[in-house]
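Below you'll find the structure, written out as structure tokens, and then a few comments.
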Amino acid sequence: YIIDEVHMLSTSAFNALLKTLEEPPPHLLSVFATTESHKVPATIISRCQRFDFRRMELESIISQLSFIAEKENITIDRESLVTIAKKADGSMRDSQSIFDQVIAFCGNNVVYTEMAAALHLIDEDFFFRISDAIAARNISEAFLIAEDVIEKGYELGETLQGLLEHFRNILTVKAMGNTSLIETSESFKDKYQETADKFSKADLLRYIQIIA
């Protein structure tokens with residue numbers, strides 16, 4: 001028996017399950033899956049073997065989505081695949097759900113700009129526009145960017161989260177001297193390399209602290 005999201009069981013359900021776990025029939029194998037193991041009672045956990053799974057790597061998700069696209073005769077660019085994989089946050093299941101949404105909106109020929117517009121995603125170029133304005137101390141551009149965020153209806157928390165990741169990426173490139181550790185498309189990696197030269201490490205740390 002496989003019980004997904006087992007932490008959602010009620011206390012009485014867990015109590016009823018406990019008896020079976022203590023004296024399981026020889027033919028019975030139970031698999032409990034959860035994303036919130038801290039909500040599972042200790043009495044249950046102590047009677048189970050525990051396996052912790054890590055998030056899937058970005059390239060593994062991109063590779064699988066590319067395989068699916070090829071089998072389904074779907075053309076999709078690398079930037080779109082990277083965006084879907086990042087939005088899935090390490091989950092193959094979620095990436096396939098997002099991929100289905102993208103196909104529903106864009107058809108069998110997916111281009112990044114159309115996908116971003118269809119799913120109302122904040123374009124990565126938008127975050128470069130912000131960092132460029134900061135680097136140039138361009139206050140009027142900063143006000144126009146803030147107006148754009150409101151006018152286009154971007155979720156403010158998501159915007160700040162994306163901006164935080166953007167500046168972390170810049171700091172990573174600044175500290176490492178290369179783009180090997182950041183997860184984005186090759187075209188944006190070149191932009192990160194250029195942008196990193198515009199800031200000091202101290203400034204980047206300060207911006208990250210402010211955004212956080």
Side-chain angles (χ1 to χ4, degrees), residues 1-72 74 76 78-108 110 112 115-124 153-166 168-169 181-185 211-212:
Y1 288 84
I2 300 173
I3 303 179
D4 194 13
E5 301 296 358
V6 72
H7 66 272
M8 297 290 286
L9 292 182
S10 65
T11 303
S12 56
F14 274 127
N15 288 338
L17 188 62
L18 197 56
K19 181 67 177 172
T20 307
L21 290 180
E22 286 173 337
E23 300 173 15
H27 65 276
L28 182 66
L29 181 66
S30 296
V31 178
F32 304 143
T34 179
T35 51
E36 300 184 56
S37 56
H38 60 281
K39 292 184 179 179
V40 180
T43 50
I44 300 291
I45 291 176
S46 65
R47 288 163 173 79
C48 299
Q49 289 185 342
R50 177 169 171 165
F51 300 91
D52 289 302
F53 295 93
R54 60 181 173 81
R55 286 178 170 85
M56 287 184 70
E57 293 179 358
L58 197 74
E59 282 303 322
S60 297
I61 295 177
I62 290 169
S63 175
Q64 180 64 13
L65 292 179
S66 297
F67 174 77
I68 294 169
E70 186 179 340
K71 291 292 183 184
E72 298 293 332
I74 294 163
I76 183 168
R78 169 81 183 182
E79 284 180 35
S80 297
L81 289 171
V82 170
T83 302
I84 293 169
K86 286 175 72 176
K87 198 166 178 61
D89 195 24
S91 168
M92 191 68 239
R93 178 184 60 186
D94 289 355
S95 74
Q96 290 179 344
S97 296
I98 298 166
F99 187 62
D100 283 342
Q101 289 177 43
V102 169
I103 303 309
F105 279 117
C106 302
N108 286 5
V110 182
Y112 175 73
M115 185 197 75
L119 296 184
H120 204 57
L121 301 176
I122 304 173
D123 196 309
E124 205 156 348
Y154 291 145
E155 208 279 314
L156 296 181
E158 190 178 330
T159 304
L160 287 172
Q161 192 64 45
L163 189 60
L164 188 61
E165 183 187 357
H166 178 70
R168 280 179 181 152
N169 284 343
L181 293 182
I182 62 173
E183 298 177 331
T184 189
S185 63
I211 297 163

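Heavy-atom basis, side chains included; hydrogens, waters and symmetry copies ignored.
Contact check for V6 versus I44: no side-chain heavy atoms found under the 4.5 Å cut-off.
In this view, F14 satisfies the ring pair (Phe, Tyr, Trp, His ring centres under 6.0 Å) rule with no residue, not counting sequence neighbours. Under the salt bridge (Lys or Arg N to Asp or Glu O under 4.0 Å) criterion, E79 pairs with no residue, sequence neighbours left out. Legend: residues meeting side chain to side chain contact (heavy atoms under 4.5 Å, CB included) with A117, ordered by chain and number and at least two apart, are absent. In terms of the side chain to side chain contact (heavy atoms under 4.5 Å, CB included) criterion, residue partners of D89 (sequence neighbours excluded) are, by chain and number, R55. Shown here are the side chain to side chain contact (heavy atoms under 4.5 Å, CB included) partners of T184, two or more places apart in sequence or in another chain: E124, I182, F188, K189, Y192. Residues passing the side chain to side chain contact (heavy atoms under 4.5 Å, CB included) test with Y154, sequence neighbours excluded: H120, I122, F126, V149, K152, T159. Judged as a side-chain hydrogen bond (donor to acceptor under 3.5 Å, both in side chains), and not counting sequence neighbours, the contacts of S10 are S12.
For the residue pair V40 and I45, the shortest heavy atom distance occurs at O-CD1, 3.5 Å.
Put simply, CG on L17 and OH on Y1 are 12.0 Å apart, with the number rounded to the nearest 0.5 Å. To the nearest 0.5 Å, the span separating CG on L156 from CG on L163 amounts to 12.0 Å. The CD atom of E165 sits 8.0 Å away from the CD atom of E183 when rounded to the nearest 0.5 Å.
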Let me check something: any side-chain donor-acceptor pairs from residues 56-72 under 3.5 Å, sequence neighbours excluded? List them with distances.
unit_1, atom_1, unit_2, atom_2, d
E59, OE2, R78, NH2, 2.6
S66, OG, I62, O, 2.9

Please report, to 0.1 Å, the donor-acceptor pairs under 3.5 Å made by any side chain of residues 21-37, with sequence neighbours excluded.
unit_1, atom_1, unit_2, atom_2, d
E22, OE2, R47, NH2, 3.0
E23, OE2, K19, NZ, 3.4
T34, OG1, H7, ND1, 2.7
T34, OG1, E36, N, 2.9
T35, OG1, E5, OE1, 3.3
E36, OE1, K39, NZ, 2.8
S37, OG, R50, NH2, 3.2

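For the side chain to side chain contact (heavy atoms under 4.5 Å, CB included) test with M115, the passing option among I103, V102, I98 is V102; the others fail.
Identified under the side-chain hydrogen bond (donor to acceptor under 3.5 Å, both in side chains) test for residues 92-101, with sequence neighbours left out: none.
A donor-acceptor pair under 3.5 Å is absent between the side-chain atoms of S91 and the main chain of A88, judged by distance alone.
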For Y112 and D123: C-alpha separation, side-chain torsions, deciding distance, then whether side chain to side chain contact (heavy atoms under 4.5 Å, CB included) applies.
CA-CA 9 Å; Y112 175 73; D123 196 309; 3.6 Å; yes

